[in-house]
Amino acid sequence: MAERIEVLLTEKEVDKRIQEIGDQISRDYAGKSVHLVCVLKGGSFFMCELAKRITVPVSIDFMSVSSYGGDTKSSGVVRIVKDLDESLKDKHVIVIEDIVDSGRTLSYLLDMLQSRGPQDVKLCTLLDKPERRVVEVKVDYKGFEIPDEFVVGYGLDYDQKYRNLPYIGMVKFD
């Protein structure tokens, strides 16, 4: 079965929205610094572009979590694959995600990060699929709300392909 990619959000639309989010974060944290925590692998493309557009001081760290194991459905058990390198104590933390889907993993992750003593923890995602939500999570900065479609590009993959697309596409199977 061959797949094809249909454009959902153009590169221009994505770039414009990332600039708007960067501007908003810069206003919200004026006079402060922010610590971006990127959820790997998908969030890395979005975080790099967003960080370039934030005008307050930015530090970054990376985290990798898994709730899928070798399956395509979440097991509900969150496993930290790569933890943070730096302490979050007294920092303004913004967790950067590529997409918020069921909310299970992020709910666990946000609670765990909050327990590490930051001043605050916010969530920023490029894409949000609220109709798939099983556990409620507060999204503080949202790029786009999208329908329940399988999407790729800007860090999101299908079988480790298409992460490098500069736009958001929907995977369609012929």
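A quick note: this is a predicted structure, and the numbers were derived from the prediction, not measured.
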Student: Under 6.0 Å between ring centres, would you say that holds for F173 and Y158?
Tutor: yes
Student: Could you check if a side-chain atom of L156 sits within less than 4.5 angstrom of a side-chain atom of Y162, using non-hydrogen atoms only?
Tutor: no
Student: Report yes or no: do V37 and I60 belong to one cluster of Ile/Leu/Val/Met/Phe/Trp/Tyr joined by side chain heavy-atom distances under 4.5 Å?
Tutor: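 Each belongs to a different hydrophobic cluster.
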Student: Is it true that V93 and I80 fall in one hydrophobic cluster, defined by side-chain heavy atoms closer than 4.5 Å?
Tutor: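 Yes: a chain of side-chain contacts under 4.5 Å links V93 to I80.
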Student: Nearest heavy-atom pair of A51 and V58: which atoms, and what distance?
Tutor: CB-CG1, 4.4 Å
Student: Can you find a pair of side-chain heavy atoms, one from T105 and one from V135, that are under 4.5 Å apart?
Tutor: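 No - every pair of side-chain heavy atoms lies 4.5 Å or more apart.
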Student: Can K138 and D140 be counted as an ion pair, charged N to O under 4.0 angstrom?
Tutor: yes
Student: Are F62 and Y154 connected in the hydrophobic side-chain network, where two residues link if heavy atoms are under 4.5 Å apart?
Tutor: yes
Student: Between N164 and F45, what is the shortest heavy-atom contact and its length?
Tutor: CA-CE2, 4.0 Å
Student: About how many Å separate CD of Q19 and CD1 of I54, when rounded to the nearest 0.5 Å?
Tutor: 10.0 Å
Student: Do the non-hydrogen side-chain atoms of R79 and V81 ever get within less than 4.5 Å of each other?
Tutor: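 Side-chain contact under 4.5 Å: yes.
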Student: Strictly distance-based, threshold 3.5 Å: is any side-chain N or O of K129 a donor or acceptor partner for the main-chain N or O of S102?
Tutor: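 It does not hold such a pair.
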Student: Please report the closest heavy-atom contact between C124 and I21, naming both atoms and the distance.
Tutor: SG-CG2, 3.9 Å
Student: Measuring from atom CG of D61 to atom CG of L88, what distance do you get when rounded to the nearest 0.5 angstrom?
Tutor: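 So the CG of D61 and the CG of L88 are separated by 7.5 Å.
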Student: Would you call F150 and M170 a side-chain contact if the rule is heavy atoms closer than 4.5 Å?
Tutor: no
Student: Treat each ILVMFWY residue as a node, draw an edge where side-chain heavy atoms are under 4.5 Å apart, and state whether I94 and L84 are in one component.
Tutor: no
Student: Where is the tightest heavy-atom contact between C38 and S44, given as atom of each residue plus distance?
Tutor: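 Closest pair (atom of C38, atom of S44, distance): SG-N, 3.4 Å.
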Student: Looking at side-chain heavy atoms only, is the closest gap between Y167 and K12 below 4.5 Å?
Tutor: no
Student: At what distance, to the nearest 0.5 angstrom, does CD1 of I25 lie from OG1 of T55?
Tutor: 10.0 Å
Student: Salt bridge or not between E6 and R4? Use side-chain N to carboxylate O under 4.0 Å.
Tutor: yes
Student: Quick test of your reading: applying salt bridge (charged side-chain N to carboxylate O under 4.0 Å, His left out), list the pairs with at least one residue in residues 150-169, sequence neighbours left out, ordered by first then second residue.
Tutor: E3-K161, D157-R163
Student: Test your reading of the model: is there a side-chain donor-acceptor pair from S107 to the backbone of V137, 3.5 Å cut-off?
Tutor: no
Student: Once you round to the nearest 0.5 Å, how far does CZ of R53 lie from CD of Q24?
Tutor: 16.0 Å
Student: Less than 4.5 Å apart, side chain to side chain, heavy atoms only: is that true for V151 and L127?
Tutor: yes
Student: With rounding to the nearest 0.5 angstrom, report the CG to CG distance, D128 to L123.
Tutor: 8.5 Å
Student: Do F46 and I96 have side chains that get closer than 4.5 Å, going by heavy atoms?
Tutor: yes
Student: Which heavy atom of L110 sits nearest a heavy atom of V121, and at what distance?
Tutor: CD2-CG1, 3.7 Å
Student: Quick one: do L106 and M63 end up in the same hydrophobic cluster if we chain Ile, Leu, Val, Met, Phe, Trp and Tyr together by side-chain heavy atoms under 4.5 Å apart?
Tutor: yes
Student: Scan for salt bridge (charged side-chain N to carboxylate O under 4.0 Å, His left out) pairs involving residues 86-97, sequence neighbours excluded, and state none if there are none.
Tutor: E86-K91
Student: Between E13 and R17, is there a salt bridge with N-O shorter than 4.0 Å?
Tutor: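 Answer for the salt bridge query: no.
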Student: Enumerate the salt bridge (charged side-chain N to carboxylate O under 4.0 Å, His left out) contacts for residues 21-39, please, sequence neighbours excluded, ordered by first and then second residue.
Tutor: none
Student: Evaluate salt bridge (charged side-chain N to carboxylate O under 4.0 Å, His left out) for R116 paired with D83, printing each intermediate quantity in order.
Tutor: CA-CA 12 Å; R116 295 184 179 186; D83 206 342; 2.9 Å; yes
Student: Does K41 have more than 12 heavy atoms from other residues, nucleotides or ligands lying within 6.0 Å of its NZ?
Tutor: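 Open: at most 12 neighbouring heavy atoms sit under 6.0 Å from NZ of K41.
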Student: Of all heavy-atom pairs between I146 and P130, which one has the smallest distance, and what is that distance?
Tutor: O-CD, 4.4 Å
Student: In the structure I gave you, are the side-chain heavy atoms of V39 and V95 within less than 4.5 Å of one another anywhere?
Tutor: yes
